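Below you'll find the structure, written out as structure tokens, and then a few comments.
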Amino acid sequence: MTRTIRLTMAQALTRYLAAQMTEIDGRRLPIFGGVWAIFGHGNVAGLGEALWHERERLPTFRAHNEQAMAHAAIAYAKANMRRRFMAATTSIGPGATNLVTAAALAHVNRLPVLLLPGDVFANRIPDPVLQQVETFGDGTISANDCFKPVSRYFDRITRPEQIIPALTRTMQVLTDPAECGPVTLALCQDVQAEAYDYPESFFTERLWTPRRPRSDRDELKAAADALKSAKKPLIVAGGGVLYSGASEELARFSAATGIPVCETQGGKSALPDDNALNMAAVGVTGTEAANRLAAEADLVLAIGTRLQDFTTGSWALFGAARKSIIGLNVQAFDAGKHRALPLVADAREGLAELAEAVSGWKAPESWTDNAKAGKAEWQKEAAKATAASNAALPSDAQVIGAVQRTLGSDVILLHAAGGLPGELHKLWQAGAPGSYHAEYGFSCMGYEIAGGLGAKMARPDKEVVVMVGDGSYLMLNSEIATSVMLGLKLTIVLLDNRGYGCINRLQMATGSQSFNNLLRDSRHETLPEIDFVQHAASMGAIATKASSIAELETALAQAKANTRTTVVVIDTDPLISTGAGGAWWDVAVPEVSERAEVRTARTNYDERRKRQTIGN
Ligand SMILES: Cc1ncc(C[n+]2csc(CCOP(=O)(O)OP(=O)(O)O)c2C)c(N)n1
Ligand SMILES: [Mg+2]
């Protein structure tokens with residue numbers, strides 16, 4: 001007879017989560033690092049009670065904003081290379097919908113996170129409950145239906161025994177390198193508290209090891225043949241290289257074949273910046289070294305990348321008319337994009353197999369030497385952009401230079417939105433794999449500070465440096481208080497250019513008047529003078545303002561010595577970005593306008609669009 005144990009659905013859920021294990025560097029660890037929770041009537045009595053019982057094996061953390069706690073959970077998974085994750089639970093209604101943006105973020109970035117919003121009563125007796133949205137024509141809809149398009153797996157738990165198949169599927173999705181992303185289990189409030197006789201075996205500890213699919217024989221042969229006939233091959237390394245732990249294999253492959261490597265935002269730090277064949281950033285925010293090779297390449301080996309528009313320069317960057325793409329990706333959806341030759345495999349395994357299949361073959365030496373020379377040129381250019389100057393307001397690039405000089409490449413440098421991603425992609429000299437943490441799939445303002453917290457939880461041994469603009473900071477900063485409360489130190493560098501600087505520059509570049517981006521160009525009675533130092537200090541952070549690059553370096557040296565979250569604020573110039581490097585980005589310009597500047601911008605736009613290729 002099956003031995004059973006009588007538990008509520010919520011107790012069974014937490015007991016199951018606590019029993020899922022992983023092994024990292026020979027250490028057996030719980031695969032869930034914990035649960036972020038903001039309670040309301042939808043989860044406090046059911047799941048809240050269950051989390052209390054499980055608090056030793058599955059710690060609960062309290063945050064100030066549901067989106068932020070999910071950002072922290074997502075960053076935790078990213079900093080753990082998707083080998084460990086967290087869950088986030090909310091009440092029904094606004095708590096739940098506050099998670100939806102984060103769900104979309106995890107969906108885009110292919111990052112595992114378990115979302116556990118409360119849901120309305122399955123028995124419908126007290127309907128409509130507080131925060132129930134009510135749909136006139138469909139009794140099965142709740143606020144949580146918003147999660148469906150942004151979850152890899154969605155289920156609504158309306159009976160306690162349903163969690164057995166639902167959790168089995170949850171773990172499949174979270175641990176599958178091809179499928180992984182957000183899982184949403186909407187937990188009906190009454191069902192959380194309902195008891196059931198669960199089989200004891202359901203709660204046995206289970207060890208999860210990463211799946212590493214090897215390539216298909218025919219796909220491998222086709223890829224190897226294509227590679228061996230290339231004269232100007234280029235590797236584009238995406239986030240998949242990092243998640244698969246393929247950095248060493250990539251370095252070996254590149255050295256053996258002489259193929260230069262360039263990196264997407266997600267893939268940056270796949271190779272250290274000082275690897276002679278690492279051309280670093282590619283695409284809209286790329287280096288000149290990488291982009292000129294991209295324009296000439298006759299074969300692009302795209303590894304673990306989604307090939308988003310910032311990487312491909314909206315498909316106007318990879319110029320050679322007869323170029324081909326090999327898509328080495330664990331996910332067939334990505335591997336075959338733009339009519340690429342698919343090579344569906346784990347990045348590390350696939351690269352090793354490809355290395356063997358092309359063994360002895362090398363790219364023409366002139367191509368490799370040309371790449372190395374281009375890198376040296378770019379390094380000189382980049383050094384100019386990041387050097388300190390006497391300008392009244394420094395540029396973002398100069399601030400980046402100061403952060404790099406003071407804190408080095410061994411930190412985890414984290415950012416997400418604004419002008420910084422472009423500048424950092426080009427200019428930050430990344431160190432070890434994972435030292436550069438960019439959320440640039442969704443580029444979500446407000447990811448930065450909460451994400452920093454999650455990254456610090458994943459890597460407490462590392463200095464986590466968050467670089468953030470005033471706009472992103474104002475959107476979501478409340479987890480500074482949580483970082484102080486949890487003793488998880490962050491160094492936050494806040495660049496205050498008094499507005500949405502990068503969008504203002506984009507607005508001007510598309511011919512429009514500066515409007516509604518910088519504070520000074522927005523409708524106002526009084527121009528706000530926001531005191532970020534006092535604001536951050538009010539949440540318990542150590543906060544200072546630097547009035548020059550020299551002062552910034554002193555403040556950062558102090559921040560390094562601090563054990564509490566430190567915010568260093570510096571005023572920057574909203575109009576400057578690094579001109580060198582970069583590629584065109586397709587942002588649609590109005591076809592008709594009374595403004596001559598817009599008409600000129602449209603003419604240029606039409607010209608640039610001619611370089612776009614479709615489907616290759
Ligand atoms: C949640 C969200 N809303 C809007 C945007 C569009 N957006 C991208 S950058 C940006 C401005 C960011 O301002 P700030 O953080 O001050 O950085 P800056 O551009 O000044 O460098 C905006 C509005 C976004 N990426 N995310
Ligand atoms: Mg700004």
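Each ligand, and each atom within it, is numbered from 1 in the order the structure gives. All values derive from a computational prediction rather than experimental measurement.
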Query raised in the report: Backbone or side chain, does N497 get an N/O/S atom under 2.8 Å to the Mg ion (ligand 2)?
Result: yes

Query raised in the report: For ligand 1, which part of N497 has a heavy atom less than 4.0 Å away: the side chain, the backbone, both, or neither?
Result: side chain

Query raised in the report: How close does the nearest protein non-hydrogen atom get to atom 25 (N) of ligand 1, and which residue and atom is it?
Result: S443 O, 2.8 Å

Query raised in the report: Which protein non-hydrogen atom lies closest to atom 13 (O) of ligand 1, naming both residue and atom, and how far is it?
Result: Y500 CD2, 3.4 Å

Query raised in the report: For ligand 1, which atoms, with element, lie under 4.0 Å from some heavy atom of M475?
Result: 1 (C)

Requested in this report: Can you sort out which atoms of ligand 1 are near G501, meaning under 4.0 Å from one of its heavy atoms?
Outcome: 18 (P), 19 (O), 20 (O)

Query raised in the report: Does an N or O anywhere in L420 fall below 3.5 Å from an N or O of ligand 1?
Result: no

Report task. Would you check whether C444 has a nitrogen or oxygen atom less than 3.5 angstrom from a nitrogen or oxygen atom of ligand 1? Result -> no

**Report entry** Test of proximity, D396 against ligand 1: N or O pairs below 3.5 Å
**Finding:** no

Query - Residues R110 and D334 bridged, charged N to O under 4.0 Å - result: yes

Report summary line: Within 4.0 Å of some non-hydrogen atom of C502, the atoms of ligand 1 are 9 (S), 18 (P), 19 (O)

Query raised in the report: Among protein heavy atoms, which lies nearest atom 21 (O) of ligand 1, and at what distance?
Result: G419 N, 2.9 Å

Requested in this report: Mark the output for G446 as yes if a heavy-atom distance to ligand 1 is under 4.0 Å, and as no if none is.
Outcome: no

Requested in this report: Check the angle between the aromatic planes of F32 and F85 and answer parallel, tilted or perpendicular using the 30° and 60° thresholds.
Outcome: perpendicular

Query raised in the report: Shortest non-hydrogen contact from A536 to V567?
Result: CB-CG2, 3.7 Å

Report task. For atom 15 (O) of ligand 1, find the nearest protein heavy atom and state the residue, atom name and distance (0.1 Å precision). Result -> S472 N, 2.9 Å

**Report entry** Sub-4.0 Å heavy-atom approach of R505 to ligand 1
**Finding:** no

Requested in this report: Examine ligand 1 and decide if any of its atoms is less than 4.0 Å from a heavy atom belonging to G499.
Outcome: yes

Report task. Calculate the angle formed at the Mg ion (ligand 2) by OD1 in D470 and O in G499; 10° precision is enough. Result -> 110°

Query raised in the report: Taking the six-membered ring for Trp, is the centroid-to-centroid distance between F442 and H107 below 6.0 Å?
Result: no

Query - R498/D470 ion pair, N-O < 4.0 Å - result: no

Report task. Please check if the distance between the ring centroids of Y473 and H535 is under 6.0 Å. Result -> yes

Report task. Name the closest protein heavy atom to atom 14 (P) of ligand 1, giving the residue it belongs to and the distance to 0.1 Å. Result -> G471 N, 3.5 Å

Requested in this report: Compare every heavy atom of R306 with every heavy atom of K337, then report the nearest pair and how far apart it is.
Outcome: NZ-O, 2.8 Å

Query - Shortest protein heavy-atom distance from atom 8 (C) of ligand 1, along with the residue and atom involved - result: I503 CD1, 3.7 Å

Query raised in the report: Which residue owns the protein heavy atom closest to atom 26 (N) of ligand 1, what's the atom, and how far is it?
Result: M445 N, 3.2 Å

Query raised in the report: To the nearest 0.1 Å, how far is atom 17 (O) of ligand 1 from its closest protein heavy atom, and which atom is that?
Result: G418 CA, 3.6 Å

Query raised in the report: What closest approach, in Å, do A70 and L99 show between heavy atoms, and which atom pair accounts for it?
Result: CB-CD2, 3.5 Å

**Report entry** Atom of N144, atom of D119 and distance for their closest heavy-atom approach
**Finding:** ND2-OD2, 3.0 Å

Report task. Test V598 against every option in V589, T603, T510 by the side chain to side chain contact (heavy atoms under 4.5 Å, CB included) rule and name the one that passes. Result -> V589

**Report entry** Cationic N near anionic O, under 4.0 Å, R608 to D586
**Finding:** no

Query - E463 and K489 ion-paired at < 4.0 Å - result: yes

